[in-house]
Amino acid sequence: MELTKNYIPNEVEAKWYAHWLEQGYFTSKPDEREPYTVVIPPPNVTGVLHMGHCLNNSIQDILIRRARMQGKNACWVPGTDHASIATEAKVVAMLRERGITKSSLTRDEFLGYAWEWKEKYGGIILQQLKKMGCSLDWDRTSFTMDPDYYQSVIRVFIDLYGKGMIYRGKRMINWDVKAKTALSDEEVIYKEVQSKLYYVRYELADEEGDIVIATVRPETILGDSAICVNPADERYKHLHGKYAIVPLINRRIPIIADDYVTLDFGTGALKVTPAHDMNDYQLGQKYQLEIIDTMNDDGTMSEAAQLFVGEDRLDVRKKIVPQLEASGHLVKVEEYTNQVGFSERTDAMVEPRLSLQWWVSMKEIAEPALKAVMDDEIHFHPAKFKNLYRHWMENIKDWCISRQLWWGHRIPAYYAPDGSFAVASTKEEAFEQLKINHPQLTIEEIKQDDDCLDTWFSSWLWPFEVFKGLAEPGNAEVNYYYPTNTLVTAPEIIFFWVARMIMAGFEFMDEKPFADVYFTGIVRDKLGRKMSKSLGNSPDLLALIDLYGADAVRFGIMIASPAGNDILFDESALEQGRNFNNKLWNALKLLKMWEARSKRETSDVNPELNLTHPSPHTPQDFASAWFRQRLNKVKAEVDEMMRQFRLNEALKTIYSLIWDDFCSWYLEWIKPGFEQPIDAVVYAQTVAYFEELMELLHPFMPFITEEIYHLLAEQADDLCIKQQQPLANADPAILEAGELLKQVISALRDARNKNQVKPKDPIKLHIQTTDTANYRAIENILGKQVNAELIAYTETTVPGTIVVAVEKDRFFLETGQQLNSETLQAELLKDLDYQQKFLQSVQKKLSNERFVQNAKEEVIALERKKQADAGARIETIKESLRNLG
RNA sequence: GGGAGCAUAGCUCAGCUGGUUUAGAGCAUCUGCCUUACAAGCAGAGGGUCCGCGGUUCGAACCCGUGUGCUCCCA
């Protein structure tokens, strides 16, 4: 078999994904095993794969694949969210291109187009996830508007209404004038805007004099119903309880006093417009001020404004200023920078507005959800998000759940012509209810609410409703899979979604929805900017997969992303991933080369060689025994890191185990001489190690590991479902011996480098040690690694050589060439200085009585060892200096 | 205005229970190698005021206070 020079991912990836699907490895059915369940955060049906999804789903796939290899019944549920606002916007845009306006369509016609759109474009993202290797159980693909799911959402609304937790109320909301819809607070994005601050003079009503207020929204003057000052403000004390006249429209309004007003902003006097400002509304409630709604739902001025009726409020803002000036009410204009809210979806400037909306009262439902997280019944990773969560939950506000949209779950409220209403699952039921108080009513007269529910009002049911937890209560699936294990999501939706899922879990299932929540970071570009369509800084993920391979993309995004920290995405990380693929590929090539040779030779080495407690007689024995222990140790480390959701550290650890320990050390140590055959037992052992490495890496990089696993040997199974062996203990003695060997090799190579001894020039190595036996076991490896043609043991200094000290042992390198004694001396003096200072600091510590009294015994012992080692080392350096003469 | 978080090498970040650390990794940089698995590589090296100040402690990158700068969330 001829292996290509470099690893080529594309075909390999397609081949294995198809194979895994065909074998049904991703399909999960309840059985006697322990389940491990993850529900995907359903991407918008309108979504296309971006870096955020890539990170998020890589993590979920890693957790799921690992669980699958650990004997659990791994179930990862895919699906999409109907995303009411985003999808409706897309459909409206599509219709506009075809020359159709939404307002010309009936609701049913519009929904027809929307479903058509959803069937055609929705869920592209799910196909893209396959490219990434995500091992989702595709048979379970769910959608938040599936018929069962839809009915459950409606049932939840009716249930909460029945419990008195849903109410209808006129409240100040964020209004998107473009979409003509209410926005939740979370859908408003505040941006810094350069505005103007207008100072406007209001004349007093019943006497001479005036009061000047400052405003950035002069058009709202038409809706003013009071002026407010701080009661402590000396400038205005004489005006408390008096009246002023609103310019241009001559409305008489009271001057009130309240602490809310800050003394030093503007003039210290505030105009109060209860219908168009959140805080003014509060004031209005408190002082029972008149509410004058001067704006229509499209942002134009209403009849109540008296002036500029029908004109857009932003045009009016410009037009009203000259009028104020002409009438002598404008005092001055200042430049002013302030935060203004914009709609997340349409980017329209958000208007605070009074509107009749549906609300969920949150206080009660939030309590168990807060407790579960605070008591660590649900674990947040990283835990720092607990604080954020607590703060929000303790100050939770009611949830506005109605949206003026058609695409979504239609609010199950039905109105009689007189405005009274009933909440019911069907028109017929509503009719029955309404008839009680309206005996004359006919069913034709009642009308269903036109609005839809907030998207999150359906997705908060996701963890149980994908298993039909409400549609078929207590069914076998929900009993088995719920509560789920781990939720992986972005911290930006901790309140939108995570908190509400926890509430829904307790409210409707009497149980938490998941045990762990892993918060990923936000993916940013190299400059630290959030990746977004508008900035155009989001790379095309499929193109990246084509270029580097899915494994490399997964590696690149994972290696740089600690839990909860934002990641600055840089394509060089993908290169690193690709290079890692290539490294694995080349290690495979090396083994295949050895395999071809070993088949020609038969080995007479005892195949029963005990590698757990070997007596290392050959370099291969030592190398093999050492690597076995390294594997044991790293597996245990990785296991612990995964338990703590430190995925990037686990990956780094595996990367270093493979690249450094396996490739750079182990393979070099067992490498036979030029064109020499390899020992069959060593070869078999090496294949086994390589397989174990692939097993360890598989959850992170599924494709190449599966490919190599099968190319290494005939396999009866697939790596994808291979079951991990239990962890084994690592022998510290062998590990220590290995570390010493590495250290000696590096030190000697360094000495060669510094003395410009060419890699090809052999040296003679004299070792001065008290532990000759130790070195005898590894001297073949050592000789090969530092290109020594001779290794001898000595009890005294060897003159005319380069001296290297490692711990208490000394090494004399005989090079047969003239040494540059000046450089050597300088090096040694530098080292001597360092060691002496180090010794001093240790001695200072040890001579401190209080340290010796208070510190733990191990710490003191360690300091003593440091002292002894440094002392020995200083002696060696001094001797080397003498040696240089 | 309220809240949360961050500040460690040129860059991105580890450093978990205060002592194994006069601080680690990857990338970048520099030096030497086209050595027979791999130049997408190999062998090495250099690089730090752990943001400033004060405190607790025998001992602080780590704990406390304070100042500065940055980021995010909410109003």
Side-chain angles (χ1 to χ4, degrees), chain A residues 3 5-7 185-186 188 190 260 262 265 278-279 339 341 382 384-392 394-395 397 491-492 494-495 521-522 524 526 528 530 548 552 559-562 564-570 572-573 575-594 640-641 644 646 648-649 651-653 655-656 659-660 663-664 667-668 671 673-675 745-754 756-760 785-787 834-835 837-838 840-842 844-856 858-863 865-866:
Chain A
L3 295 177
K5 182 171 186 293
N6 290 333
Y7 174 64
D185 289 346
E186 288 82 2
V188 178
Y190 289 88
Y260 166 70
T262 20
F265 180 81
M278 300 278 180
N279 295 312
Q339 299 283 322
K384 67 180 180 186
F385 287 110
K386 274 169 80 175
N387 284 338
L388 194 65
Y389 180 81
R390 185 181 61 208
H391 188 255
W392 194 76
E394 281 175 351
N395 298 286
K397 300 201 178 77
E492 41 191 0
I494 186 169
F495 309 127
I522 296 167
R524 299 173 180 279
K526 245 197 225 174
K530 192 169 164 179
Y548 295 98
I559 198 77
S561 60
N565 274 14
D566 288 358
I567 80 162
L568 299 194
F569 177 75
D570 187 342
S572 72
E575 244 171 78
Q576 200 188 339
R578 181 200 58 187
N579 294 354
F580 185 37
N581 277 337
N582 209 37
K583 187 73 183 175
L584 294 169
W585 192 247
N586 277 294
L588 173 72
K589 273 162 65 183
L590 179 65
L591 260 71
K592 291 324 259 186
M593 207 182 80
W594 288 347
E640 185 54 30
M641 287 168 185
Q644 296 176 31
R646 298 152 78 128
N648 70 315
E649 285 176 58
L651 178 57
K652 272 182 192 166
T653 305
Y655 174 80
S656 167
W659 198 303
D660 302 328
C663 293
S664 295
L667 289 180
E668 294 299 330
K671 195 182 244 177
F674 185 56
E675 301 215 319
I745 292 169
S746 290
L748 297 184
R749 281 172 173 170
D750 183 31
R752 293 183 57 119
N753 246 353
K754 289 214 168 99
Q756 285 155 13
V757 180
K758 292 261 180 313
K760 275 180 184 160
Q785 295 280 280
V786 302
N787 193 15
Y834 178 92
Q835 293 297 336
K837 279 188 182 148
F838 179 67
Q840 271 169 27
S841 80
V842 175
K844 193 176 154 198
K845 221 184 229 185
L846 283 170
S847 60
N848 182 338
E849 263 175 52
R850 292 211 276 175
F851 170 72
V852 182
Q853 274 169 17
N854 292 320
K856 276 180 283 183
E858 309 96 83
V859 176
I860 297 170
L862 191 79
E863 292 300 318
K865 183 173 186 301
K866 278 193 205 165

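Hydrogens, waters and symmetry mates play no part in the numbers below; they use all other heavy atoms, side chains included.
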Can you name the atoms? Protein N/O to nucleotides 27-29 of chain B N/O, anything below 3.5 Å, with the distance.
none

For this session: Grab the CG-C1' distance between A:L591 and B:C38 for me, whole Å please.
Result: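 Spelled out: CG on A:L591 to C1' on B:C38 is 13 Å.
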
What N/O pairs connect the protein and nucleotides 56-60 of chain B at under 3.5 Å? Give each pair on its own line.
| from | atom 1 | to | atom 2 | distance (Å) |
| --- | --- | --- | --- | --- |
| B:C58 | O2' | A:N848 | ND2 | 2.7 |

Taking only residues two or more places apart in sequence, or in another chain, which ones meet [X] in a side-chain hydrogen bond (donor to acceptor under 3.5 Å, both in side chains)?
X	answer
A:Q644	A:E640, A:R646
A:Y548	A:E571
A:K865	A:D869
A:N586	A:K589

Problem set entry | Distance, C1' atom - from B:C62 to B:U17, rounded to whole angstrom | 11 Å

For this session: Could you give the distance separating B:A60 and B:G1 at their P atoms, to the nearest angstrom?
Result: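 My reading of the P atoms in B:G1 and B:A60 gives 37 Å.
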
Exercise. Using Watson-Crick and G-U wobble pairs whose two distances are both under 3.5 Å, how do you write the pairing of RNA chain B as dot-bracket, with | for links to another strand?
Worked result: (((((((..((((.....[....)))).(((((.......))))).....(((((..]....)))))))))))).

Please list, for nucleotides 42-46 of chain B, all pairs of protein and nucleotide N/O atoms separated by less than 3.5 Å.
| from | atom 1 | to | atom 2 | distance (Å) |
| --- | --- | --- | --- | --- |
| B:C42 | OP1 | A:K583 | NZ | 2.7 |
| B:C42 | OP1 | A:W659 | NE1 | 2.7 |
| B:A43 | O3' | A:R749 | NH1 | 2.9 |
| B:G44 | OP1 | A:S746 | OG | 3.1 |
| B:G44 | OP1 | A:R749 | NH1 | 3.1 |
| B:G44 | O2' | A:D750 | OD1 | 3.2 |
| B:G44 | O2' | A:N753 | ND2 | 3.2 |

For this session: Taking ring-ring contact (aromatic ring centres under 6.0 Å, His included) as the test, write out the residues that go with A:F851, two or more places apart.
Result: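 Partners of A:F851 under the ring-ring contact (aromatic ring centres under 6.0 Å, His included) test: none.
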
For this session: Could you tell me which residues satisfy ring-ring contact (aromatic ring centres under 6.0 Å, His included) with A:Y389, sequence neighbours excluded, listed by chain and number?
Result: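 A:F380.
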
Exercise. Which residues pass the salt bridge (Lys or Arg N to Asp or Glu O under 4.0 Å) test with A:D750, sequence neighbours left out?
Worked result: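 Scan of A:D750 (salt bridge (Lys or Arg N to Asp or Glu O under 4.0 Å), adjacent residues dropped) gives A:K754.
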
Between the protein and nucleotides 2-9 of chain B, are there any N/O to N/O pairs under 3.5 Å, and if so, what are the atom names and distances?
| from | atom 1 | to | atom 2 | distance (Å) |
| --- | --- | --- | --- | --- |
| B:G5 | OP1 | A:N387 | ND2 | 3.1 |

Exercise. Nearest nucleotide by nearest heavy atom, which residue falls closer to the 5' end of RNA chain B, A:S841 or A:K760?
Worked result: A:S841

